[in-house]
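What follows is one structure encoded as structure tokens, with my remarks underneath.
The figures that follow rest on heavy atoms only: side chains count, while hydrogens, waters and symmetry mates do not. Keep in mind that this is a model prediction, so the values were computed, not measured. Indexing begins at 1, ligand by ligand and atom by atom, following the structure's order.
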Amino acid sequence: MTQSSPQDTQAHAPAQAGASFDATEFRKALGTFATGVTIITARAADGAPIGLTANSFNSVSLDPPLVLWSLANNAMSFDAFRAATHWAVHVLGSDQEDLSGRFARRGEDKFAGLEFDEGEGGVPLLRGCAARFECRTASQYQGGDHLIFIGEVLRFVRDEAAPLVFHGGKYAHATRRDPPDLKPRSAHLAGSFGEDFLGYLLGRSHFRFFAQIRPFLDHEGLDDMEFYVLSTLTLRPLLTEGQIAEGMAGVLDANRQRALDALVERGFAHRTSAGYELTGEGREAAIRLIAAAKAIESQVLERLGTGDAAILKTTLNRLLGVVDESAADVLWEPGGNGQKDDTRR
Ligand SMILES: Cc1cc2nc3c(=O)[nH]c(=O)nc-3n(C[C@H](O)[C@H](O)[C@H](O)COP(=O)(O)O)c2cc1C
């Protein structure tokens, strides 16, 4: 039977029986299957805790409760896992990328400095995961260059944490698709913007979000522009006019000087021959306002959900990299070396 394939796909097959696939392409094709990320732990015969990052985890059976994962024959922990009677699967949350990286490094003492508990069979149990399954080895099967473990689940716990995702060789976030009733209504009139126009979504979100912060600015007698400049001045002990202009380029060009003058007049900033710096009073006002703004941010992000909050921030950071390649790196980077944040790629 012949199969037609979309134009942008490439067919790969061994040229002849017994020949192997192009290994890189095969990996890439497998990588299109998005998975969660787990850490599997156990105890070696000598009592040492062992573990590795694995995305080969999968459910097998509900009754009896069975799960599986597979381990590379050349893993340093291979013999210890093969001999282990018990192991635990930790489904990682979206904030556990570092932990995943630590357990993906070959042979290191992956548990150094890590707090963990003990489960069935003395298995080390990591904390703060999206879910954890404590298992007893039910069977093992050799599958090519991996050993497949099937485990009977003895105990499990689950948290509401958003999961860490692995796709195309990279970590990713998972987010819900909007339920149909949340889909933005599009404008049907020619020449009008739809409600899914990016500018509308960003603008309205900003205005509504910032409206919650404004009462705190009013309380300090500051307008929006003065607040933006005040927050910029918190980034370094002293900023030259050029640095302030660079940091706010394309955002506050017209109002920057007026806001700076107002802050100086108000006693919140000093103008020195080298540039501008906050006064003690200015710094205290900034700390109060930043604390209030962060409290509002937490409330908003909590309503959004931790997973979507992380996605939103990552995506907005990337958007900023697209629409404003010179975005204030000079000011934000410690030491101001002008290097870009990796999340903006
Ligand atoms: C996201 C991700 C998923 C992985 N999945 C597996 C897996 O399912 N099985 C496996 O044997 N190795 C997997 N690895 C690689 C192991 O974590 C890595 O080889 C580890 O160093 C093995 O530890 P060890 O050699 O100390 O035993 C994965 C790595 C990453 C980053």
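By the 6.0 Å contact criterion, CZ on Arg204 is open, its count of non-hydrogen atoms from other residues, nucleotides or ligands being 12 or less. Within a 6.0 Å sphere centred on CZ of Phe210, heavy atoms belonging to other residues, nucleotides or ligands number more than 12.
Residue Ala104 places at least one N or O, backbone or side chain, under 3.5 Å from an N or O of ligand 1. Among the atoms of Met76, some N or O lies under 3.5 angstrom from an N or O of ligand 1. Inclusion of Ala72 in the set of residues having an N or O under 3.5 Å from an N or O of ligand 1 is warranted.
The protein heavy atom nearest to atom 27 (O) of ligand 1 is Ser77 OG, 2.5 Å. The protein heavy atom nearest to atom 28 (C) of ligand 1 is Thr53 O, 3.2 Å. Looking only at heavy atoms of the protein, atom 26 (O) of ligand 1 is closest to Gly107 N, 2.6 Å. Atom 12 (N) of ligand 1 has Leu52 CD1, 3.8 Å as its closest protein atom, hydrogens excluded (heavy atom only).
Separation of atoms CD1 (Ile290) and CZ (Arg283) is listed at 9.0 Å; rounding is to 0.5 Å.
Phe268 places a side-chain heavy atom less than 4.5 Å from the side chain of Leu230.
Ligand 1 places these atoms under 4.0 Å from at least one heavy atom of Leu71: 11 (O). For ligand 1, the atoms closer than 4.0 angstrom to any heavy atom of Ser56 are 7 (C), 8 (O). In summary, the atoms of ligand 1 found under 4.0 Å from a heavy atom of Arg105, numbered by their order in the structure, are 21 (O). With ligand atoms numbered from 1 in the order given, ligand 1 contributes 1 (C) to contacts under 4.0 Å with heavy atoms of Phe166.
Heavy-atom separations between Trp69 and ligand 1 are all 4.0 Å or longer.
Looking at Ser70 against ligand 1, only its backbone comes within 4.0 Å, counting heavy atoms. Counting heavy atoms closer than 4.0 Å to ligand 1, residue Lys110 contributes side-chain atoms (C-beta onward) but none from N, CA, C or O. Contacts with ligand 1 closer than 4.0 Å are made by backbone heavy atoms (N, CA, C, O) of Phe103 only, the side chain lying farther away.
Among Phe57, Phe149, Phe133, the one residue that satisfies the ring-ring contact (aromatic ring centres under 6.0 Å, His included) test with Trp69 is Phe149.
Ring pair His206/Tyr228 is tilted by interplanar angle, where 30° to 60° counts as tilted.
Looking at every heavy atom in both residues, Asp159 comes nearest to Cys129 through CB-O, 3.5 Å.
Taking the six-membered ring for Trp and the full ring otherwise, Phe216 and Phe227 have centroids separated by 6.0 Å or more.
A continuous path of ILVMFWY side-chain contacts below 4.5 Å connects Leu202 to Leu304, so both sit in one hydrophobic cluster.
With 3.5 Å as the limit, one finds a donor-acceptor pair spanning the side chains of Trp87 and Thr137.
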